[in-house]
Amino acid sequence: MLVIFFLLYSLTHLYLYMKAKYAYRFGMKTGIFIVIFMTIMIFAPVIVRMCEKAGHERFAGITAYTGYTWMAVLFLFFSFSLCIDFCRLCVYVAERIFKTELLPALHVRKCFFVAPLICSLSIVVYGYYEAGQIKTEHVVVKTDKIPKEPGNLKIVQISDVHLGLIIQKRSLEKITAEIRKINPDILVSTGDIVDGQINHLGELIDSLKSINPPYGKFAVLGNHEFYAGIETSLDFMRKAGFEVLRGRSVLVGGIVNIAGVDDTVRMPYDYVKISEKALLSGVSKGLFTILLKHKPIIDPTAIDLFDLQLSGHTHKGQIFPFSFITGLFFPMQNGYFKLSNVSSLYVNRGAGTWGPPIRFLSPPEITIIELVHTSN
């Protein structure tokens with residue numbers, strides 16, 4: 001996957017280089033400077049991780065902001081430019097057919113470079129703003145599996161916070177402030193609460209630990225908890241007050257079952273492998289059952305054994321139009337989906353950002369899931 005990523009990322013840089021060369025006809029010296037800059041940007045994610053591991057967090061943070069913001073600019077430029085190239089192709093074919101110049105402006109070389117670049121930079125600036133605008137989504141589930149007393153259970157779901165070099169104390173405090181306003185009965189995290197190396201995140205524990213819902217806090221591991229280091233991730237989450245469910249279930253307050261599974265990341269990561277069917281078959285019968293699972297993938301053998309699966313991971317693409325790509329891998333990438341007469345799925349967009357510290361048409365989310373007895 002890494003080889004494929006760097007290959008595609010390099011080809012996208014080549015596309016940008018050829019566009020710039022066509023627009024400005026720059027010389028060899030300028031070309032060499034651009035190539036050096038692009039090479040550094042291509043390998044910026046690797047440089048960030050190496051600097052983190054070496055303890056150079058300040059330099060790693062600067063490189064992360066620069067490299068990942070550049071990644072967003074490049075992706076948006078590529079998307080806009082492809083659309084323009086398609087339009088140019090259509091006009092070119094039409095001009096050949098009708099033997100006339102239809103749109104002279106489409107023959108101005110620089111506009112094909114400057115226009116998508118301005119659009120990309122504008123969206124990136126707006127995207128910084130959108131990434132800080134947390135939206136609260138409210139899902140009401142009516143069920144007779146919730147006892148008449150209390151008759152109502154308020155659960156807050158967070159996902160994909162990605163605490164690390166970019167998402168730090170200020171961002172986390174905005175998230176926790178919103179949770180306190182909601183005053184949930186239960187708080188759940190569906191993975192990726194941390195991002196990379198987390199040796200510098202100890203000061204963030206208190207912000208999460210200060211939230212104490214009456215029925216507790218529960219979490220599962222996402223892929224980034226494994227990337228950050230499973231032991232340190234677990235230590236961080238437990239000190240923050242979360243009970244981490246790794247292939248097990250708990251009966252919460254005699255009201256609701258909550259089961260959780262590890263994200264199934266590729267080797268060499270040591271995740272707890274368990275059959276969801278076996279796990280869910282062992283929960284208390286007759287009560288509402290929630291399954292926490294990082295990726296919005298449905299195990300067909302577990303359908304009807306849970307009432308609601310809560311997931312994240314997709315970020316709804318984070319930067320439109322990347323949502324079209326994530327949608328190919330995860331068709332149910334955001335929102336509420338009815339899976340059967342019994343089972344449903346809710347996919348959270350995530351409260352933080354991965355990579356580029358921006359969002360576009362995919363604002364960060366905190367979800368309120370309200371379980372209400374049918375008679376209420």
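Worth knowing before you read on, the calculation uses all heavy atoms, side chains too, and leaves out hydrogens, waters and symmetry mates.
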*For Tyr68, enumerate each residue passing the ring pair (Phe, Tyr, Trp, His ring centres under 6.0 Å) test, keeping only those at least two apart in sequence or located in another chain.*
none
*Quick one: list whatever passes side chain to side chain donor-acceptor pair (under 3.5 Å) with Ser120, sequence neighbours left out.*
none
*Under the side chain to side chain donor-acceptor pair (under 3.5 Å) rule, what pairs show up with a residue in residues 245-255, not counting sequence neighbours?*
Glu243-Arg248, Arg246-Asp262
*Listed by chain and number, what are the side chain to side chain donor-acceptor pair (under 3.5 Å) partners of Ser81, not counting sequence neighbours?*
Tyr15
_Listing request: all ring-ring contact (aromatic ring centres under 6.0 Å, His included) pairs with a residue in residues 28-55, at least two apart in sequence or in separate chains._
Phe6-Phe43, Phe37-Trp70
Would you mind writing out the side-chain donor-acceptor pairs for residues 131-141 within the sub-3.5 Å range, not counting sequence neighbours?
unit_1	atom_1	unit_2	atom_2	d
Glu137	OE2	Arg349	NH1	3.2
Glu137	OE2	Arg349	NH2	3.0
His138	NE2	Glu370	OE1	2.8

*Sequence neighbours left out, what passes side chain to side chain donor-acceptor pair (under 3.5 Å) with Thr367? Give chain and number order.*
Asn348, Glu365
*Can you list the residues that meet the ring pair (Phe, Tyr, Trp, His ring centres under 6.0 Å) rule with Phe86, with sequence neighbours excluded?*
none
*asked:* So, using side chain to side chain donor-acceptor pair (under 3.5 Å) as the criterion, who are the partners of Ser311 when residues are at least two apart?
replied: Gln309
*Show which residues join Leu251 in its hydrophobic cluster (side-chain heavy-atom contacts under 4.5 Å, direct or indirect), or state none.*
Leu287
*Phe360: partners by ring pair (Phe, Tyr, Trp, His ring centres under 6.0 Å), with sequence neighbours left out*: none
*Could you tell me which residues satisfy ring pair (Phe, Tyr, Trp, His ring centres under 6.0 Å) with Phe242, sequence neighbours excluded, listed by chain and number?*
none
